[in-house]
Amino acid sequence: MNYWLLKSEPTAFSIDDLVARPQQTDHWDGVRNYQARNFMRDQMRRGDRAFFYHSSCKEPGVVAIVEISREAYPDTTGFDPKSPHFDPKSDAANPKWFMVDVRLVRRLRRLIRLEEIKRNPALGNMALVQRGSRLSVMPVTAAQWKAILRMEAH
DNA sequence: GCCAACGTTGGC
DNA sequence: GCCAACGTTGGC
């Protein structure tokens, strides 16, 4: 099983939004970066776990654990001219962008703030804290996964 | 709101 | 294929 971290701006899609969905499941659409797409399309497997991360907000950090409940399939928002994620270069016959489905496993007992993650020496090599990194879908090692869950208890 | 860092675009 | 200009990300 692989571990991941998925960023979302809570003003666009927050953990509260996911909790409110039927089966607490929704698709993770709008990824428009090749590296992030390739992780999703080529490496994410059903049953993988991911941290749900709130970005571009007052207190950026990890808020929940989700499970990949459906592997990559075409991101239809790319075909929709009314969608903010519309990409005229993508169409149903030859989709350029993909999404997965995520299901809530559980909220974390508290927000694990980015600022704390940065201070944890065990997490210094996470892509999340690397200078200039803007990846919205990134792999997390088993060691990093455990380190973040350990922080939850403190 | 600022701005550094990064990715993409398009002229040449 | 280079690279300047531009748009976006995302922390602060």
Side-chain angles (χ1 to χ4, degrees), chain A residues 2-21 26-44 48-68 71-102 104-105 107-141 143-152 154:
Chain A
N2 301 310
Y3 297 108
W4 305 95
L5 183 143
L6 301 171
K7 287 184 188 173
S8 179
E9 300 187 18
T11 52
F13 184 74
S14 74
I15 184 59
D16 290 332
D17 294 323
L18 180 61
V19 166
R21 295 291 190 267
D26 208 344
H27 39 268
W28 199 269
D29 60 21
V31 173
R32 295 293 180 270
N33 167 280
Y34 289 108
Q35 198 180 353
R37 178 203 68 182
N38 293 347
F39 281 135
M40 274 201 323
R41 188 189 57 186
D42 305 336
Q43 295 186 39
M44 256 186 205
D48 284 359
R49 299 257 163 140
F51 286 131
F52 190 131
Y53 177 90
H54 279 176
S55 66
S56 287
C57 56
K58 191 171 174 200
E59 288 196 306
V62 176
V63 293
I65 295 171
V66 298
E67 180 183 56
I68 307 305
E71 295 181 10
Y73 59 106
D75 181 345
T76 49
T77 64
F79 315 147
D80 178 4
K82 292 191 290 293
S83 167
H85 304 300
F86 176 61
D87 179 355
K89 291 179 189 156
S90 188
D91 59 69
N94 190 15
K96 186 170 158 190
W97 304 113
F98 291 81
M99 57 189 175
V100 297
D101 285 356
V102 301
L104 179 70
V105 173
R107 285 181 187 260
L108 296 189
R109 290 198 290 280
R110 66 181 190 87
L111 170 73
I112 310 297
R113 288 152 49 226
L114 174 63
E115 183 260 326
E116 292 176 70
I117 293 172
K118 283 183 167 171
R119 279 192 277 112
N120 186 337
L123 298 171
N125 52 1
M126 271 191 94
L128 183 69
V129 301
Q130 242 113 82
R131 177 188 166 84
S133 169
R134 304 185 315 192
L135 252 191
S136 60
V137 175
M138 70 185 73
V140 171
T141 67
Q144 292 163 349
W145 185 267
K146 281 184 202 149
I148 291 201
L149 291 183
R150 262 197 302 273
M151 294 171 74
E152 185 189 15
H154 298 152

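Bear in mind that the values here come from a model prediction, so they are computed numbers and not experimental data. Chain identifiers are assigned alphabetically (A, B, ...) following the order of the sequence lines, protein sequences preceding nucleic acid strands; residue numbering begins at 1 within each chain.
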I need the [atom1]-[atom2] distance between [X] and [N], as an integer number of Å.
{"X": "L6(A)", "N": "dT9(C)", "atom1": "CG", "atom2": "P", "value": "16 Å"}
{"X": "K118(A)", "N": "dG10(C)", "atom1": "NZ", "atom2": "P", "value": "13 Å"}
{"X": "F86(A)", "N": "dT8(C)", "atom1": "CZ", "atom2": "C1'", "value": "19 Å"}
{"X": "D87(A)", "N": "dG7(B)", "atom1": "CG", "atom2": "C1'", "value": "14 Å"}
{"X": "L135(A)", "N": "dG10(C)", "atom1": "CG", "atom2": "P", "value": "9 Å"}
{"X": "I117(A)", "N": "dG11(C)", "atom1": "CD1", "atom2": "P", "value": "10 Å"}
{"X": "N33(A)", "N": "dG10(C)", "atom1": "CG", "atom2": "C1'", "value": "14 Å"}
{"X": "H85(A)", "N": "dT8(C)", "atom1": "NE2", "atom2": "P", "value": "13 Å"}

- request: Please determine, by modelled atom types, if D48(A) and Q43(A) share a side-chain donor-acceptor pair under 3.5 angstrom.
  value: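 Result is no, nothing qualifies.
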
- request: Could you tell me which non-hydrogen atom of S14(A) sits nearest to which non-hydrogen atom of D17(A), and how far apart they are?
  value: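 Closest pair (atom of S14(A), atom of D17(A), distance): N-OD2, 2.8 Å.
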
Is the shortest side-chain N/O distance from [X] to OP1 or OP2 of [N] below 4.0 Å?
{"X": "K7(A)", "N": "dG10(C)", "value": "yes"}
{"X": "Y34(A)", "N": "dC6(B)", "value": "no"}
{"X": "K89(A)", "N": "dT9(B)", "value": "yes"}

field: R32(A) bridged to D87(A) by N-O distance under 4.0 Å
entry: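 Here R32(A) does not pair with D87(A) in a salt bridge, since their nearest N and O are not under 4.0 Å apart.
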
- prompt: With distance as the sole criterion, do the side chain of R134(A) and the base of dT8(C) form a donor-acceptor contact below 3.5 Å?
  reply: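 For R134(A), whose side chain was compared with the base of dT8(C), there is a donor-acceptor pair (under 3.5 Å).
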
query: Is the backbone N or O of V129(A) less than 3.5 Å from a side-chain atom of K118(A), with the two atoms forming a donor-acceptor pair by type?
result: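 Flag not set: sc K118(A) to bb V129(A) has no pair under 3.5 Å.
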
message: From C-beta outward on S136(A), which listed nucleotide comes closest to its side chain: dT9(B), dG11(C), dG10(C)?
response: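 Selected nucleotide (nearest to the side chain): dG10(C).
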
message: Please pick, from dG7(B), dG11(C), dT9(B), the nucleotide with the shortest atom-to-atom distance to any side-chain atom of S55(A).
response: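 So the nucleotide nearest the side chain must be dG11(C).
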
- request: Quick one: label K58(A) by what it contacts on the DNA or RNA (base, sugar-phosphate, nothing), any heavy atom closer than 4.0 Å.
  value: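 Since no nucleic acid heavy atom lies under 4.0 Å of K58(A), the category is nothing.
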
- prompt: Are F52(A) and W4(A) close enough, and set up right, to give a ring pair (Phe, Tyr, Trp, His ring centres under 6.0 Å), and what steps lead you there?
  reply: CA-CA 9 Å; F52(A) 190 131; W4(A) 305 95; over 10 Å; no

